[in-house]
Amino acid sequence: MTVLIDVDSDEHHLLSRAPGNGARAIASPGNRAECLDIGLINNMSDAALMSTERQLFDLLAAAAGRLCVRLHFYTMEATPRSEWGRDYVRRYYRGTDDLLNRRLDGVIVTGAEPRAASLTDEPYWTTFAEIADWARENTVSSVFSCLAVHGAVLHLDGVTRHKLPTKCIGVFTQTKTRNHPLMHDVPANFRMPHARWNEVQDETLESCGYSILTWSAEAGVDCFVKQQKKSLFVHFQGHPEYETQTLLGEYRRDMGRFLRGENEVCPTIPTGYLDEEAEEILGAYRRKALLDRRPEFFDDFPANQLARDLQNGWQLPARRIYRNWLLYLASQRAERSKALHSNGTCRTRPHSGISARQSRHRLVAVRSGGPHAPGSKSGTRV
């Protein structure tokens with residue numbers, strides 16, 4: 001299976017995932033016509049920019065089968081970044097103006113750590129709202145993840161999130177609550193990672209016309225959908241894209257903040273993630289951290305011991321859900337194209353995405369199956 005990465009440099013880290021560089025090739029005009037154009041609007045912090053690209057690249061690659069996917073990177077310029085982060089997005093990402101002036105088959109909008117008490121006070125809120133409005137008219141379907149979920153439902157339907165008493169972190173059993181094309185061939189019960197301080201609740205969502213597809217007795221709503229004008233909006237409060245060690249990296253980051261005095265709450269151990277031995281090891285470390293809170297103790301975090309026997313139990317259902325999403329994009333695009341042709345209103349592909357003339361970036365094909373394939377233990381979001 002081939003994923004096309006729309007970049008303008010041979011130095012992007014995803015290119016190294018093609019074994020021996022044998023899978024790299026400039027996309028042909030035929031590939032450009034047949035590919036699904038998907039934008040990744042990556043609003044993650046600097047530390048998670050590259051890992052988020054890798055996670056979603058791997059998930060799309062594993063899900064696509066014979067479909068061709070062309071992935072484009074976009075950034076919201078108002079997202080606070082370090083000098084390194086600004087340089088990175090300048091080299092590999094396009095800006096919001098470029099996005100809002102074209103159509104795509106789909107977009108994936110990531111979340112970010114909140115900096116303000118209210119989402120509407122986040123520095124990128126105005127741009128985020130513009131993107132949500134644009135996506136309703138200019139995509140077949142749009143995926144929102146974590147904090148982006150809360151922003152989308154607030155902007156479009158006035159649904160407010162609720163602060164949780166403790167962080168919801170762990171791998172939780174989800175129950176499929178209804179039949180839907182996105183849930184085809186997904187088990188009735190499966191597990192999915194969550195990591196968040198807030199939630200939107202099922203009663204409020206349903207009263208605003210959202211259809212809840214998966215739900216957890218411990219973590220609440222996970223996946224829910226709503227048709228927003230021309231686009232099916234898909235929302236995940238959980239993280240199907242997470243790699244095996246991502247939750248461990250997030251817990252380690254939170255523990256570091258506690259030990260340095262940046263956060264007064266000592267993080268709770270992730271639910272359903274570690275085996276019994278690892279939970280005992282982490283529990284002992286956590287108790288010592290509470291008794292002897294000092295930055296130096298962070299160096300003793302038992303990351304290698306905890307990672308040794310970690311299992312990824314959400315990889316298969318995550319692939320199936322994203323496979324269904326890609327199939328939905330392809331089928332809807334084909335139907336819309338057929339309707340336009342039958343009406344005699346269009347002689348070219350209606351959902352053209354980015355043409356060779358419009359794009360200043362080269363399209364490099366990268367075949368999946370590199371050293372960081374889904375489920376590998378390399379790389380964490382910290």
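Quick caveat, the model's predicted, so the values are computed rather than measured.
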Apply salt bridge (Lys or Arg N to Asp or Glu O under 4.0 Å) to [X] and list each qualifying residue two or more places apart in sequence or on a separate chain.
X	answer
E113	R253, R257
R136	D133
R293	E264

Do [X] and [Y] have a side chain donor and acceptor closer than 3.5 Å?
X	Y	answer
H72	D37	yes
E53	Y92	no
N43	T110	no
S141	Q332	no

I need the H239 NE2 to T52 OG1 distance, nearest 0.5 Å. 9.0 Å

Approximate separation, where rounding is to 0.5 Å, of T271 OG1 and L247 CG: 10.0 Å

For [X], give me all partners under side-chain contact (heavy atoms from CB on, under 4.5 Å), at least two apart in sequence or on another chain.
X	result
R323	A63, L67, L327
D46	L49, R81, S82, W84
S331	none
C208	D157, V159, Y210

Is there a side-chain contact between [X] and [Y] (heavy atoms, below 4.5 Å)?
X	Y	answer
S9	R91	no
H235	S142	no
Y322	I108	yes
L274	I269	yes
E243	R54	yes
L104	L99	yes

Would a line drawn from the ring center of Y285 to the ring center of F297 be shorter than 6.0 Å? yes

Centroid separation F128 to W125 less than 6.0 Å: yes

Least distance between heavy atoms, [X] atom then [Y] atom:
X	Y	result
G238	D222	N-OD1, 2.8 Å
P270	L282	CD-CD2, 4.3 Å
S145	E241	OG-OE2, 4.1 Å
K167	A195	CE-C, 4.1 Å
T268	Y251	O-CE1, 3.0 Å
C266	R286	O-NH2, 3.2 Å

Could you check F144 against F233 for ring-ring contact (aromatic ring centres under 6.0 Å, His included), going step by step and ending with a plain yes or no? CA-CA 8 Å; F144 293 83; F233 274 31; 5.0 Å; yes

Pairs flagged by salt bridge (Lys or Arg N to Asp or Glu O under 4.0 Å) wherever residues 138-150 is involved - sequence neighbours left out: none

Please tabulate, for the side chains in residues 179-194, all donor-acceptor contacts under 3.5 angstrom to protein atoms that are two or more places apart in sequence or on a different chain.
| unit_1 | atom_1 | unit_2 | atom_2 | d |
| --- | --- | --- | --- | --- |
| H180 | ND1 | L182 | N | 3.1 |
| N189 | OD1 | T175 | OG1 | 3.0 |
| R191 | NH2 | V171 | O | 3.4 |
| R191 | NH2 | G272 | O | 2.3 |
| H194 | ND1 | R196 | NE | 3.3 |
| H194 | ND1 | R196 | NH2 | 3.1 |
| H194 | NE2 | Q174 | NE2 | 3.2 |

Only counting residues at least two apart or in another chain, list the ones meeting ring pair (Phe, Tyr, Trp, His ring centres under 6.0 Å) with [X].
X	value
W197	none
F73	H12, Y93
W215	none

Can you confirm whether more than 12 heavy atoms, excluding those of E296, are under 6.0 Å from its CD atom? yes

Would V234 and L232 count as a side chain to side chain contact (heavy atoms under 4.5 Å, CB included) here? Give the steps. CA-CA 6 Å; V234 182; L232 178 69; 4.2 Å; yes

